[in-house]
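Single-structure report; data block below.
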Amino acid sequence: MSDIEVELPDGSRRSLPEGASALDLASAIGKRLAKDALAAQVNGQLTDLTAPLPAGASVAIVTPASELGREVIRHSSAHVLAQAVTRLWPGAHYAIGPAITDGFYYDFELPGGAHFSDDDLVRIDAEMRAIIAEDQPFTRSEYSIDEGLALFEDQPFKQAIINAVAHAPSDEDLAEVDSTSSVSTYSNSPAFTDLCRGPHVPSTQRLGHFKLTRVAGAYWRGDEKNPQLQRIYGTAWESEAALAAHLELLAQAELRDHRKLGQELDLFSFPSEVGPGLAVFHPKGGTMRRVMEEYSRKRHEVSGYDFVYSPHITKSELFEISGHLDWFAESMYPPMELDGGTTYYLKPMNCPFHTLIFKSNQRSYRDLPLRYFEFGSVYRYEKSGVVHGLTRVRGMTQDDAHIFCTKEQMGEELTRTLQFVLDLLRDFGLNDFYLELSTRPPGKAVGTDEEWDEAEATLESVAIAAGLDLVMDPGGGAFYGPKISVQARDAIGRTHQMSTVQLDFQTPQRFDATYVAADNTRTLPIMIHRALFGSVERFMAILLEHYAGNMPTWLCPEQVRVLGVRDDHDAYAIYVAETLALEGVRAGVEGANEPLGARIRKAKLEKIPYILVVGDDDVEKATLGVNARGSNDPERGVSVAEFRARLLEEIATHGSPGDR
RNA sequence: GCCUGGGUAGCUCAGUCGGUAGAGCAACGCAUUCGUAAUGCGUAGGUCAGGAGUUCGAAUCUCCUCCCAGGCUCCA
């Protein structure tokens, strides 16, 4: 028997007997590796450990504590989940069960239309642990399409996948199989076989660091016209420590939840009397919001925007012209009928109003670009299941602007706009960005190919010039124009879609909004829609979560709180607060009715940046005790003048306590 | 809109088998005057989300509605 040679990830080569598997290779390298090995990556393809290696292949052994290893663990855990469910609910149909970020899920249809309850998770968990303890080996088999159909005669979803694969496979189907002419299966006991491309861990005993997290409904193939299946989600890891770390991360994320912080810090609420997705801002949240808006206005003013205002409701005619009623009506609040049959709508967007403002006068090419900005409150009838805190609401205020420019100006305007966006976001402390470019949707784009080509090329070069990573989203643009969106990563690595810059070839045309060009022809302008915060509400939510409620000092509703040690220090405390207030600092005072420790604690829980404690020494020497947020080590004897200077500097530079 | 779970004092929550409402914090009052994360005592606070039903009796069981959470779908 001749030997084969394979290449390892470090570039070295090894000879193995023909027919040797990745497991043999791992054993040849070392006992530890052989014991750890879960699967192999052969010429870039994930395969089972036991599959024979082709000659000349480049081979990497996949071990548990790696992204690929975790993916294999999660996928295998999904199989065990399905096996457990079929044991507990004989006759259950299982549909698809992939590995996902941090975990896995599996979709089921239970006999008699039964549904999973939360309590069922406990039983399923126990059954899964029993299967794992049984140390069942995963074994792969291959069948023809017809054999596959026969094998899964009781499993309609598996048959549907096989049929789809044999005829018109989708990406989703191809994830389950690796050939369109045959099907592969994995059995981890004679009682349970699943259609699957693999690979899987060698045996169920390699699993076990998992937790079933929730049950949910999910439509078959993600289409709401299809029957709804029962989905179980779980998370799975290579070790108990990694599982615990992940659960801890989830707990941390929960502490940052803006809805919780909004309650704790008394910023906003959603009174049920008002309705879902409709927030009210309390004084503290109102202050935070006002500061955000004022800053944004100031920046817009400097950047050449004009400020406009438009009403919250309008006759339906406006949205007939804009076309919203044709394709957005479902997301609009139902019409109000007034004045003998005229219908009015709450506005879901500001752009038609801004276009009318553009049209209100004859425009010359010399006037362009025109940049109209508005904090425009819009109302969208979001489906009841999608509203979520301040991030997905039914009433929101967009920091919306529409720029009308000539085709020649488009490139420069986009460059300016993107730079403006990034500068503004950085001023709020976000600084880890990437861009996503959504290009023309095939078959339904308005505007000429030439316009699209130019716009997409411009957006792309602008994005590249910004020096940020660019992710393409082919076909993801709206039919009326391509867009670029800024994605920001927050302090715990989550990404949020922030600003969008959207080109629009359609609206000026629909409104017949033209300008007079240098050659005296009436010409359609290019319209750029852009929102930087997206919505003020959502942006505040993202900042709250990014900072875990510890907002930079300039955004805090109360920036300092002065506490007298005894009540005969209150007068001095008030004097200190007033001194700072004269400089625009938001300073509060709490009199000495409670012990100092209690008042400190209260202020700490409110996440106030600076607690100033003043006692006998301070009254005498015009000083302060400074207890900064995030510190448990107060600084005594700081002069009022020095503290004021430091604080004003911090506010001006958008810093936080502890930045120095 | 769909699936699963939830809604008890301002907040966080407990409430057993269906027997008639509890705690801590907050609020208010009195006392306490204190140097860096909870001073003591007292008082008040409830249509148990809303409605209907079963029952001698419902926070508890059933149904409907509203609202919230996690998913699915959606996010032009």
Side-chain angles (χ1 to χ4, degrees), chain A residues 100 105 107-108 113 115-121 213-233 250 254 257 259-260 263-264 266 269-278 322-324 326-332 348-349 351 380-389 391-393 438 441 444 476-481 483 497 500 502 504 506 529 534 538 563-570 591-606 611-618 624-629 631-637:
Chain A
I100 54 173
Y105 68 80
D107 287 346
F108 302 94
H115 291 147
F116 292 121
S117 72
D118 281 2
D119 295 339
D120 291 333
L121 289 186
T213 47
R214 56 182 54 101
V215 339
Y219 300 103
W220 167 238
R221 292 185 182 282
D223 186 334
E224 64 182 320
K225 292 192 274 298
N226 285 336
Q228 189 163 42
L229 306 177
Q230 295 284 302
R231 176 172 297 178
I232 294 178
Y233 282 94
L250 292 184
E254 213 171 296
D257 190 313
R259 293 163 301 183
K260 192 176 160 71
Q263 168 77 260
E264 286 169 1
D266 193 17
S269 60
F270 295 88
S272 65
E273 296 86 339
V274 179
L278 298 167
S322 71
H324 284 94
D326 295 334
W327 43 272
F328 200 68
E330 227 177 60
S331 298
M332 290 166 68
M349 291 185 185
C351 35
R380 298 179 182 183
Y381 189 73
E382 302 283 1
K383 285 191 196 173
S384 65
V386 308
V387 297
H388 176 95
T391 59
R392 192 80 183 266
V393 290
S438 303
K444 51 175 186 174
F479 67 87
Y480 55 77
K483 73 171 176 195
Q497 178 176 316
T500 55
Q502 166 101 50
D504 183 352
Q506 150 134 327
H529 304 241
R538 192 176 111 92
L563 307 177
V565 173
R566 282 190 319 270
D567 56 9
D568 52 322
H569 301 128
D570 284 355
N593 286 316
E594 278 185 286
L596 184 61
R599 288 178 289 150
I600 302 252
R601 177 183 149 83
K602 205 154 81 180
K604 288 279 185 189
L605 290 175
E606 290 179 51
I611 301 165
L612 306 179
V613 174
V614 293
D616 289 335
D617 298 351
D618 300 298
L624 307 160
V626 179
N627 187 332
R629 189 177 67 200
S631 153
N632 279 315
D633 181 24
E635 194 182 353
R636 292 282 296 270

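Letters A, B, ... are given to chains in the order of the sequence lines, protein chains preceding strands, and every chain is numbered from 1.
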Go through A:His569 and A:Asp618 one step at a time and tell me if the side chain to side chain contact (heavy atoms under 4.5 Å, CB included) criterion holds.
CA-CA 9 Å; A:His569 301 128; A:Asp618 300 298; over 6 Å; no
Begin from the C-alpha positions of A:Val215 and A:Asp120 and carry the test side chain to side chain contact (heavy atoms under 4.5 Å, CB included) through to its verdict.
CA-CA 9 Å; A:Val215 339; A:Asp120 291 333; over 6 Å; no
Applying side chain to side chain contact (heavy atoms under 4.5 Å, CB included), run through A:Ile100 and A:Tyr105 and close with a yes or a no.
CA-CA 7 Å; A:Ile100 54 173; A:Tyr105 68 80; 3.7 Å; yes
Between A:Leu612 and A:Leu563, is a side chain to side chain contact (heavy atoms under 4.5 Å, CB included) present by the stated rule, with each step listed?
CA-CA 6 Å; A:Leu612 306 179; A:Leu563 307 177; over 6 Å; no
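The nucleotide B:C75 finds no pairing partner, because no Watson-Crick or G-U wobble arrangement with both distances shorter than 3.5 Å includes it. Pair assignment for B:C61 gives B:G53, based on Watson-Crick or G-U wobble hydrogen-bonding distances that are each under 3.5 Å. In this structure, B:C17 makes no Watson-Crick or G-U wobble pair, since no nucleotide meets both defining distances under 3.5 angstrom. Of all nucleotides present, none satisfies the Watson-Crick or G-U wobble test against B:G45 with each distance under 3.5 Å. Using N1 to N3 plus N6-O4 or O6-N4 for Watson-Crick, or N1-O2 and O6-N3 for G-U wobble, each under 3.5 Å, B:G40 pairs with B:C30. Nucleotide B:G70 is matched to B:C3 when pairs are restricted to Watson-Crick or G-U wobble geometry with both distances under 3.5 angstrom. The pairing partner recorded for B:G24 is B:C11, the criterion being a Watson-Crick or G-U wobble arrangement whose two distances lie under 3.5 angstrom.
Distance check on atom C1': B:U16 versus B:U54 gives 22 Å, rounded to whole Å. B:U39 and B:C25 are spaced 15 Å apart, taking the C1' atom of each and rounding to whole Å. A gap of 13 Å separates the P atoms of B:A49 and B:C11, to the nearest Å. Separating the P atom of B:U60 from that of B:G6 is a span of 14 Å, rounded to the nearest Å. Taking atom C1' on both nucleotides, B:G19 is separated from B:A9 by 23 Å, rounded to a whole Å. Spacing between B:C17 and B:C13 at atom C1', rounded to whole Å, works out to 23 Å. Comparing the P positions of B:A69 and B:C56 gives an interatomic distance of 40 Å, to the nearest angstrom. Atom P of B:A31 sits at a distance of 46 Å from the matching atom of B:C68, rounded to the whole Å.
As a whole-Å value, the separation of A:Asn226 CG from B:C74 P is 12 Å. The distance from atom CD of A:Gln263 to atom C1' of B:C13 is 14 Å, rounded to the nearest whole Å. Following rounding to the nearest Å, A:Lys602 (NZ) and B:U39 (C1') show an atom-to-atom distance of 13 Å. Whole-Å rounding puts the A:Leu563 CG to B:A38 P distance at 14 Å. Rounded to whole angstrom, the span from the CG atom of A:Asp120 across to the P atom of B:C3 amounts to 17 Å. In this entry the distance linking CH2 of A:Trp327 with P of B:C74 reads 18 Å, nearest Å. Residue A:Asp266 contributes atom CG, which lies 15 Å from atom P of B:A26 at whole-angstrom precision. Atom-to-atom, CG of A:Leu229 to C1' of B:U4 comes out at 14 Å; the value is rounded to the nearest Å.
At most 12 heavy atoms of other shown residues, nucleotides or ligands fall within 6.0 angstrom of atom OH in A:Tyr381. Counting heavy atoms of neighbouring residues, nucleotides and ligands inside a 6.0 Å radius, atom NZ of A:Lys604 exceeds 12 of them.
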Every protein N/O within reach of nucleotides 40-43 of chain B N/O, cut-off under 3.5 Å:
none

N/O contacts under 3.5 Å, protein versus nucleotides 69-73 of chain B?
unit_1: B:A69; atom_1: OP1; unit_2: A:Arg259; atom_2: NH1; d: 3.3
unit_1: B:A69; atom_1: O3'; unit_2: A:Arg259; atom_2: NH1; d: 3.3
unit_1: B:G70; atom_1: OP1; unit_2: A:Arg259; atom_2: NH1; d: 3.2
unit_1: B:G70; atom_1: OP1; unit_2: A:Arg259; atom_2: NH2; d: 2.8
unit_1: B:G70; atom_1: OP2; unit_2: A:Arg259; atom_2: NH1; d: 3.3
unit_1: B:G70; atom_1: OP2; unit_2: A:His388; atom_2: ND1; d: 3.2
unit_1: B:G70; atom_1: O2'; unit_2: A:Arg214; atom_2: NE; d: 2.3
unit_1: B:G71; atom_1: O3'; unit_2: A:Tyr233; atom_2: OH; d: 3.0
unit_1: B:G71; atom_1: O2'; unit_2: A:Tyr233; atom_2: OH; d: 3.2
unit_1: B:G71; atom_1: N2; unit_2: A:Gly217; atom_2: O; d: 3.4
unit_1: B:C72; atom_1: OP1; unit_2: A:Tyr233; atom_2: OH; d: 3.4
unit_1: B:C72; atom_1: O4'; unit_2: A:Gly217; atom_2: O; d: 3.0
unit_1: B:C72; atom_1: O2'; unit_2: A:Tyr219; atom_2: N; d: 3.0
unit_1: B:U73; atom_1: O2'; unit_2: A:Glu224; atom_2: OE2; d: 2.9
unit_1: B:U73; atom_1: O2; unit_2: A:Lys383; atom_2: NZ; d: 3.2

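Atom CD of A:Glu594 is separated from atom CZ of A:Arg599 by 7.5 Å, given to the nearest 0.5 angstrom. Separation of atoms CE (A:Met332) and NE2 (A:His324) is listed at 7.5 Å; rounding is to 0.5 Å.
For the pair A:Phe270 and A:Glu382, nearest-nucleotide mapping onto RNA chain B gives the more 5' position to A:Phe270. Mapping A:Leu605 and A:Tyr480 onto RNA chain B by nearest heavy atom places A:Leu605 at the nucleotide closer to the 5' end.
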Can you check each nucleotide of nucleotides 31-36 of chain B against protein heavy atoms at under 4.0 Å and return B for base, S for sugar-phosphate only, - for none, in 5' to 3' order?
-BBBBB
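In this structure, A:Asp223 does not pair ionically with A:Arg221, as no charged nitrogen and carboxylate oxygen lie closer than 4.0 Å. The existence of a salt bridge linking A:Asp616 and A:Arg566 is confirmed by a sub-4.0 Å separation between a basic side-chain nitrogen and an acidic carboxylate oxygen.
Aromatic ring pairs are classed by plane angle as parallel below 30°, tilted from 30° to 60° and perpendicular above 60°; the pair A:Phe116 and A:Phe108 is perpendicular.
Using a 4.5 Å heavy-atom threshold, the side chains of A:Val393 and A:Leu278 count as separate.
A distance-only check finds no donor-acceptor pair linking the side chain of A:Arg259 to the backbone of A:His388 [under 3.5 Å].
Each of A:Ile600, A:Val626, A:Leu596, A:Leu624 was evaluated against A:Ile611; a single residue qualifies, A:Ile600, per the side chain to side chain contact (heavy atoms under 4.5 Å, CB included) test.
Neither OP1 nor OP2 of B:C3 sits under 4.0 Å from any side-chain N or O of A:His115. Phosphate contact (OP1/OP2 of B:U4, side-chain N/O of A:Ser117, threshold under 4.0 Å): absent.
The residue A:Gln230 sits close only to the backbone: its heavy atoms come under 4.0 Å of sugar-phosphate atoms, none of a base.
Side-chain proximity of A:Ala598 to the nucleotides B:A27, B:C11, B:A38 is greatest for B:A38.
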